[in-house]
Every structure is written in structure tokens, then in C-alpha cells.
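These notes concern the structure reproduced below.
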Amino acid sequence: MMREALRDRQAWPLLIALALGGLLLYLLQPILAPFLVGALLAYLADPIADRLEARKLSRTLSVVIVFGAMLLIVVGAALLIAPLLAHQVDYLAQRLPQIIDWVQRTAVPWVEANLGLSASRLDTESLRQAIAEHWQSTGTVAATVVAEATRSGLAFVGWITNLALIPVVGFYLLRDWDVLVARIRELIPRQLEGTVSALALECDEVVAAFLRGQLLVMLALGVIYATGLWLVGLNLAVLIGLLAGLANIVPYLGFIVGISAASIATVFQFGDFWVPLALVWGVFMVGQTLEGFVLTPWLVGDRIGLHPVAVIFAILAGGQLFGFTGVLIALPAAAVVMVLLRHAHQRYLGSRLYGPESAEEHR
């Protein structure tokens with residue numbers, strides 16, 4: 001009894017610290033985004049820097065090489081993809097009224113004739129007129145954003161400052177990452193160091209499986225889908241491919257979103273010609289096959305990641321509670337909570353509260 005009371009007393013400071021940390025996070029959320037993004041970049045790049053350091057390079061030089069490569073990749077991708085995306089978004093916006101007409105004259109009669117569903121309540125004419133009327137104003141969105149940003153000089157300076165802080169924070173965190181981890185480990189009470197280190201290692205495996213693994217899978221699938229759809233000749237290939245890759249943050253959601261959007265775009269672009277539609281379906285089947293047999297085993301491996309429902313809930317809950325800052329910390333926090341719940345579940349199964357026989361079995 002005395003030992004359990006002592007444990008309870010030791011747990012209270014931790015709970016109070018967690019509550020204060022949550023309150024501080026809520027109060028500081030407007031300025032935390034660049035620091036969290038920088039920390040995320042440092043976390044993702046740390047294994048690469050460690051490998052370069054193992055080849056007798058200094059830590060600072062390793063970090064410079066890693067950040068230089070990341071900068072080249074980001075700038076190159078932006079210069080390559082941004083014009084394509086802008087062109088395809090413009091193409092989509094210009095043809096939205098035609099798509100609405102096609103839905104009204106072709107898709108709706110087909111649904112009513114073959115599925116027996118009534119779509120008479122779908123007011124596509126009003127929707128088409130609204131898009132046609134407001135399309136001209138959408139072309140000035142960039143100019144409006146620039147004008148508003150220029151008008152609010154302080155907000156614009158703050159936005160630029162936050163953007164510039166990301167590589168600076170990421171650079172210094174990556175350079176001192178191993179030192180920071182070691183210092184934090186030294187602060188852990190010695191009687192808890194073994195348990196906390198084991199839990200931290202398990203959390204790192206879960207987070208790495210998602211961030212370093214699933215994000216690479218998303219990127220690879222986006223490239224595969226966009227390239228395949230481009231070879232088929234789809235005008236919205238890059239837009240749909242990247243959308244499908246990003247949606248794959250939840251397994252199979254990217255496939256569903258991508259193949260649905262690509263099928264509609266293909267039918268609208270090529271008409272009732274089945275060959276392009278079959279080729280589009282083939283692109284997504286190839287992507288799914290590569291994901292299941294190559295990408296996921298290679299990039300994620302057999303590490304236990306986050307459940308799809310946990311991913312959806314974590315992102316929505318984080319955004320609701322803390323805005324964009326909450327979205328950034330949602331998945332790592334969900335991974336930590338999942339590991340702690342798994343550990344608590346094991347402790348519960350081995351406790352006498354669950355049953356004396358079970359407690360003996362789990363010893």
C-alpha cells in the first residue's frame with residue numbers, strides 16, 4: 001500500500017507538467033508553427049546526417065550537405081511542378097461549366113435509367129450559372145492575396161519571418177539533435193530511465209514508420225499516378241496524381257479518391273471510349289500493386305504504424321484544438337498515445353485487477 005501511494009505521489013507532478021505543457025502549447029500556438037516544422041525536418045533528416053557522420057564527416061558539414069540537398073529538391077520540385085499545377089487548375093476551372101453540363105445531360109440520365117435513382121432535385125443549371133458568373137473573379141485571387149498582404153505590412157513581415165525561421169530552426173536542431181536527446185535522457189530519473197527509454201524507442205519506431213515511411217510512400221505514389229496518367233494523355237494528370245498521393249495519408253483513401261477523379265476526368269475528356277478508361281484503371285492497379293509489394297515493405301517495413309482511423313481522428317482533433325499547430329503535432333502525439341495505451345493495456349492484463357490467474361500468466 002505504501003509503495004502504491006508513493007507511486008501515486010510521483011505521478012502527480014508528471015500529470016501537472018503535462019497539463020501545463022498543453023496550456024502553454026495552446027497559448028503559444030500562433031508562433032509555434034516554424035519551430036515544429038523545423039523540428040520535423042530535423043527529425044526526418046537525422047538518420048541521413050548520422051550516416052554521413054559515420055563516414056568521418058563532421059556533424060556541421062553533414063548537416064550542411066543534408067540541408068543543401070533538401071533545398072535543391074524543394075526548389076527544383078517547386079519550379080517543375082508549380083507551373084504544371086497552375087496550368088491544370090486553370091484548365092479545370094475553365095471547364096467546370098462544361099463538366100456540370102455533362103453531368104446534367106449524360107451522367108444524370110444514365111444514373112436514372114440504369115440505377116433507378118431520381119436525380120431531379122440536383123439543380124445543376126444554377127450551379128453551372130454560378131460558376132460561369134464567378135469564374136472571372138477567381139483569376140484575380142493571386143493579385144488579391146498580394147494586395148492584402150502588402151496592405152497589412154506587419155502580417156506580411158510576420159509571415160516571411162516565420163517562413164525564414166523554418167530552415168534556421170531546422171539547421172540548428174539537426175546539428176544538435178543527438179546532444180539534445182542525450183541531455184533529455186540524462187534528466188530522466190534513474191529508476192524510470194529503462195522504462196522511459198523503452199517507451200521512447202517504441203514511440204520513435206511508430207512515428208518513423210509513419211513519417212519517414214508513409215510520407216515517402218505518399219510521395220512515390222503521387223509520382224507514379226501523375227506519370228502514368230500523363231502517359232495516358234489525361235489533361236489533369238499531375239493534379240489528380242498529387243491529390244491521390246496526398247490522400248494516401250490514410251491507406252486506400254488515395255486510391256479511391258484518385259481512381260474516382262481520374263475516371264470522371266477521363267470520361268469527360270475522351271467520351272465513351274473505353275481504352276483510355278481501362279488504361280487509367282491500369283495505372284492505379286499498378287500503383288496499388290507497387291505499394292503493397294514494394295513501397296510499403298521497403299519504406300515502412302513490418303513496423304506497427306498508426307491505424308487509419310487514428311490518423312483521421314488525430315488530424316481532425318489536432319486542427320480543431322490547436323489549428324495548424326495541432327495538425328503538425330497530431331500524428332506524433334497520436335503515436336505516443338498509442339504506445340502508452342498499448343503499454344497500459346499490457347500492465348492491466350498483468351495486474352491483479354484483471355485477475356490473479358492472468359497476473360501469473362503475464363509475469
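Throughout, residue positions are numbered sequentially from 1 according to the sequence presented. The structure displayed is predicted, hence computed values, not measured ones.
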Next on the checklist: Heavy-atom count check: over 12 atoms from other residues, nucleotides or ligands less than 6.0 Å from Gln320 CD?
Outcome noted: no
Checklist entry - Any side-chain heavy atom of Met285 within less than 4.5 Å of one from Gln288? => result no
Next on the checklist: In this structure, would Leu85 and Leu79 fall into the same cluster of hydrophobic residues linked by side-chain contacts under 4.5 Å?
Outcome noted: no
Checklist outcome for this item: side chain to side chain contact (heavy atoms under 4.5 Å, CB included) with Leu295: of Val217, Leu219, Leu216, Thr289, only one passes, and it is Val217
Checklist outcome for this item: Under a side-chain separation threshold of 4.5 Å, the hydrophobic residues clustered together with Val337 are Leu341
Item to check | Closest approach of Asn162 to Pro34 (non-hydrogen atoms, all atoms of both residues) | outcome: O-CB, 3.4 Å
Item to check | Minimum-distance pair of heavy atoms, taken over all atoms of Gly170 and Ala42 | outcome: O-CB, 3.9 Å
Item to check | Considering all heavy atoms, the nearest Val280-Ala262 contact | outcome: CG1-CB, 3.6 Å
Checklist entry - Between CG of Leu316 and CG of Leu321, what distance do you get to the nearest 0.5 Å? => result 11.0 Å
Next on the checklist: Restricting to side-chain hydrogen bond (donor to acceptor under 3.5 Å, both in side chains), what partner residues turn up for Trp281, sequence neighbours left out?
Outcome noted: Ser263
Checklist entry - Hey, does Val64 have a side-chain heavy atom less than 4.5 Å from the side chain of Phe171? => result yes
Item to check | Hydrophobic cluster membership, Leu201 vs Ile184, 4.5 Å side-chain cutoff | outcome: no
Item to check | side-chain hydrogen bond (donor to acceptor under 3.5 Å, both in side chains) against Glu202, all qualifying residues, sequence neighbours excluded | outcome: Arg342
Checklist entry - Same cluster for Ile48 and Val74 if Ile/Leu/Val/Met/Phe/Trp/Tyr side chains link at under 4.5 Å? => result no
Next on the checklist: Using the rule given for side-chain contact (heavy atoms from CB on, under 4.5 Å), can you reason through Leu215 versus Met218, listing the C-alpha separation, both sets of side-chain angles and the distance that settles it, and then say yes or no?
Outcome noted: CA-CA 5 Å; Leu215 292 182; Met218 291 164 52; 3.6 Å; yes
Checklist entry - Quick one: side-chain hydrogen bond (donor to acceptor under 3.5 Å, both in side chains) pairs with a partner in residues 70-80, sequence neighbours left out? => result none
Checklist entry - Taking all atoms of both residues into account, what is the closest heavy-atom pair of Ala314 and Ala334, and its distance? => result CB-CB, 3.7 Å
Item to check | Residue pairs, two or more places apart or on separate chains, that pass ring pair (Phe, Tyr, Trp, His ring centres under 6.0 Å) and touch residues 53-86 | outcome: none
Checklist entry - Is there any side-chain hydrogen bond (donor to acceptor under 3.5 Å, both in side chains) pair reaching into residues 33-44, and which pairs are they, with sequence neighbours excluded? => result Tyr43-Asp204
Item to check | Evaluation steps, side-chain contact (heavy atoms from CB on, under 4.5 Å), between Leu41 and Leu174 | outcome: CA-CA 8 Å; Leu41 292 177; Leu174 179 56; over 6 Å; no
Can you give each donor-acceptor pair under 3.5 Å made by side-chain atoms of residues 230-257, sequence neighbours left out, with the distance rounded to 0.1 Å?
{"from": "Asn235", "atom 1": "ND2", "to": "Tyr91", "atom 2": "OH", "distance (Å)": "2.8"}
{"from": "Asn235", "atom 1": "ND2", "to": "Gln269", "atom 2": "OE1", "distance (Å)": "3.4"}
{"from": "Asn248", "atom 1": "ND2", "to": "Glu291", "atom 2": "OE2", "distance (Å)": "3.3"}

Checklist entry - Residues sharing Val223's hydrophobic cluster, by side-chain heavy-atom contacts under 4.5 Å among ILVMFWY, directly or via others? => result none
Checklist entry - Within a strict 4.5 Å, meaning less than it, do heavy atoms of the Leu229 and Phe284 side chains meet? => result yes
Checklist entry - According to a 4.5 Å side-chain heavy-atom criterion applied to Ile, Leu, Val, Met, Phe, Trp and Tyr, with indirect links allowed, do Leu279 and Ile264 form part of one hydrophobic cluster? => result no
Item to check | Whether over 12 other heavy atoms sit under 6.0 Å from Arg190 CZ | outcome: yes
Checklist entry - Val37 and Ile166: which non-hydrogen atoms are nearest, and at how many Å? => result CG1-CG2, 3.6 Å
Next on the checklist: Listing request: all salt bridge (Lys or Arg N to Asp or Glu O under 4.0 Å) pairs with a residue in residues 26-54, at least two apart in sequence or in separate chains.
Outcome noted: Asp46-Arg59, Asp50-Arg59, Glu53-Arg59
Checklist outcome for this item: Contacts of Tyr172 meeting side-chain contact (heavy atoms from CB on, under 4.5 Å) (sequence neighbours excluded), chain-then-number -> Val168, Arg175
Checklist entry - Does one hydrophobic cluster hold both Val89 and Leu92, with members joined at side-chain heavy-atom distances below 4.5 Å? => result yes
Checklist outcome for this item: Members sharing Ile73's hydrophobic cluster, built from side-chain contacts under 4.5 Å between Ile, Leu, Val, Met, Phe, Trp and Tyr, are none
Next on the checklist: For a quick test of reading the model, state the closest non-hydrogen atom pair linking Val169 to Gly38 and the distance between them.
Outcome noted: CG1-CA, 4.3 Å
Checklist entry - Linking Ile, Leu, Val, Met, Phe, Trp and Tyr by side-chain heavy atoms under 4.5 Å, what else ends up with Leu187? => result none
